[in-house]
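Sequence lines set the chain letters: A, B, ... in the order given, protein chains first and strands last, and positions in each chain run from 1.
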Amino acid sequence: MHDIRALRDQPDLYEMAWAAKGRSGASAEAVQLDQQVRAARSASEAAQARRNDLSRRIGQAKAAKDEASAALLFDEVEALKAEAAGDAERAKAAEEALRDLLASLPNLPAQDVPFGEDEAGNVEVRRWGEPFAIQAPRNHADLGEALGLMDFEAAARMSGARFVVLKGPLARLERALGQFMLDIQTLEHGYTEVSPPLLVRDAAAFGTGQLPKFSEDLFRTTDDRWLIPTAEVSLTNLVREQILAAETLPLRLTALTPCFRSEAGASGRDTRGMIRQHQFYKVELVSITEPDQSDAEHERMVSCAEAVLKRLDLPFRTMLLCRGDMGFSARRTYDLEVWLPSEGRYREISSCSNCGDFQARRMDARTKSAGEKGTRYVHTLNGSGLAVGRTLVALLENYQDEGGRIAIPQVLQAYMGGVTHIDGNA
RNA sequence: GGAGAGGUGGCUGAGUGGUCGAAAGCACCGCACUCGAAAUGCGGCGUACCUUUACCGGUACCGUGGGUUCGAAUCCCACCCUCUCCGCCA
């Protein structure tokens, strides 16, 4: 959601950002609607003020048993009614139109976000690790199926495409990864573990920016809730409609949850394997900060996500997304991309965004300092730390040997009951 | 799922059609008293938007959205939420 006053002050700034996202003219439209809103509202309020005054005098006349004066005032009010109703209706219509428009417009990128249309415009910030030399690397789906521990067909029989069944040590590896990541974020990075609802209402999905524009990406329940596409929704909405004491910030929250995505616009993409599923586990990181702290928190969050890949010794690079490739709610986003030998390229495994006050406005989440008079909107940040399914993919592919065995990184072995390799006979 | 009770300002809580943005108490802030503190006394103390250099002023808000009325915290309807009891259930 956007601050209409800020927009009023600098319409060009907004126009530039929105034009780049195909919403050219939206800024001018909002300014115009805003003028309509305020004109109609002023007229409506003036009429209402007169009506309130007359009603008050009717009350006084009645109290004084002066029925004649009351009758005169009645007529006066009656005459006002039609006029006032028209103004009120116009004000309401314009307000709704403005609200709907503003709710549909994406966040503005931060100053330092590079220009660019799409993925190609992203900027590599740093790179860590060297891709392993693997002879004729097999992809994770082939490896998993050959091991007899990954079954897409069984999943398809009961659930359809974009689901998978993991078995035995592979199922355990998924669990191990989740626990491992959660332990790092809670024990080492100070995030508080949360076990949140996976079903949320409209208002929550609106708060983080999934609604109203992206409902087709979500699954809907029969009682009109939404399955969360990421724990970002649940964790961020923890502070909705709250006024947080400044000294309690930053809030650092993490959760390991399933995520559900319809992948409506992705038909044909990544159809084979576990890269793009309707359901996957993810460890999510969310920070709630004071406005001037969010940029520093963002860098910190990225390093918290990177730490997991480093610990697993998986080569990755960190990308600063360009304007065209950023999501709806973000003002700056870093993606972590892990090396996938079978594809010979880096693929997204984490996305860390600073949303500024964009989500906070939609949720009405504010902060207040001790001596301070008013309140300010908090800043919200979210990041994957990491996507468990894709990390499993990366592990399989990067740790395979010629025989199709998978080595378990040392840091995970404790979580795997001491298992050092997965070879299918386990 | 059935039956019932209830949602009022930071908190407790009064208010069943007219000057109610809302009593009172607590909390908080200022002043007085005091060497200081406590106690006491006096005063102040909601939010958002509009207008204004400022002062003043206006509008809205008593869970949410509609409705009745000249006028709604108060009456009517729908919904949301909380609590109690019963039923069912991991």
**Prompt:** Mind checking whether A/Phe214 and A/Phe328 have parallel, tilted or perpendicular rings, split at 30° and 60°?
**Reply:**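 Geometry flag for A/Phe328 against A/Phe214: perpendicular rings.
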
Would [X] and [Y] count as having a side-chain donor-acceptor pair, cut-off 3.5 Å?
X: A/Ser353; Y: A/Asn382; result: no
X: A/Asp335; Y: A/Ser351; result: yes
X: A/Asp183; Y: A/Tyr415; result: yes
X: A/Lys282; Y: A/Thr230; result: yes

Atom pairs under 3.5 Å, N or O on each side, protein against nucleotides 68-74 of chain B: can you list them with distances?
unit_1, atom_1, unit_2, atom_2, d
B/C70, O2', A/Ser55, OG, 3.0
B/G71, OP1, A/Arg51, NH1, 3.2
B/G71, O4', A/Ser55, OG, 3.3

field: Among B/C81, B/G66, B/U59, the one nearest A/Arg201 by side-chain distance
entry: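 For A/Arg201, the side-chain atoms sit closest to B/C81.
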
Starting from [atom2] on [N], measure out to [atom1] on [X] and report it in whole angstrom.
X: A/Arg38; N: B/U59; atom1: CZ; atom2: C1'; answer: 15 Å
X: A/Glu45; N: B/C61; atom1: CD; atom2: P; answer: 11 Å
X: A/Glu241; N: B/U82; atom1: CD; atom2: P; answer: 13 Å
X: A/Leu102; N: B/C49; atom1: CG; atom2: P; answer: 15 Å
X: A/Phe206; N: B/U64; atom1: CZ; atom2: P; answer: 18 Å
X: A/Glu95; N: B/A48; atom1: CD; atom2: P; answer: 17 Å
X: A/Asp224; N: B/C79; atom1: CG; atom2: P; answer: 14 Å
X: A/Gln35; N: B/C49; atom1: CD; atom2: P; answer: 19 Å

Between [N] and [M], how far apart are the two [atom1] atoms, rounded to whole Å?
N: B/C45; M: B/C29; atom1: C1'; result: 7 Å
N: B/G6; M: B/C89; atom1: C1'; result: 27 Å
N: B/C11; M: B/C28; atom1: P; result: 15 Å
N: B/U69; M: B/U64; atom1: P; result: 23 Å
N: B/G21; M: B/A27; atom1: P; result: 28 Å
N: B/A72; M: B/U68; atom1: C1'; result: 10 Å
N: B/U19; M: B/G71; atom1: C1'; result: 12 Å
N: B/G63; M: B/G58; atom1: P; result: 25 Å

Give none if [N] has no partner; otherwise give the nucleotide forming a Watson-Crick or G-U wobble pair with it, both distances under 3.5 Å.
N: B/C45; answer: none
N: B/A38; answer: none
N: B/G65; answer: B/C77
N: B/C20; answer: none
N: B/G4; answer: B/C83
N: B/C56; answer: none
N: B/A90; answer: none

Sugar-phosphate only, base, or nothing, as touched by [X] at under 4.0 Å among non-hydrogen atoms:
X: A/Glu76; result: nothing
X: A/Arg5; result: sugar-phosphate
X: A/Arg8; result: sugar-phosphate

Under 4.0 Å: is that the gap between some side-chain N or O of A/Gln60 and OP1 or OP2 of B/U19?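 For A/Gln60, the contact criterion (side-chain N or O under 4.0 Å from OP1 or OP2 of B/U19) is not met.
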
Can you see if the side chain of A/Lys92 gets near the phosphate of B/A60 - specifically, an N or O under 4.0 Å from OP1 or OP2?
no

- All salt bridge (charged side-chain N to carboxylate O under 4.0 Å, His left out) counterparts of A/Glu290, not counting sequence neighbours: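 Checked A/Glu290 against salt bridge (charged side-chain N to carboxylate O under 4.0 Å, His left out); matches are A/Arg376.
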
Could you tell me if the ring centre of A/His278 sits under 6.0 Å from that of A/Phe260?
no

Are A/Arg201 and A/Trp226 in a cation-pi setup, meaning NZ or CZ lies under 6.0 angstrom from the ring centre and within 45 degrees of the ring axis?
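A/Arg201 over A/Trp226 ring: no.
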
Exercise for review: Before accepting this row, confirm whether a basic side-chain N of the pair A/Arg332/A/Asp295 lies closer than 4.0 Å to the acidic partner's carboxylate O.
Suggested key: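 Yes, A/Arg332 and A/Asp295 are salt-bridged.
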
Judged by nearest nucleotide, the residue sitting upstream toward the 5' end of RNA chain B, A/Arg366 or A/Asp53, is A/Arg366

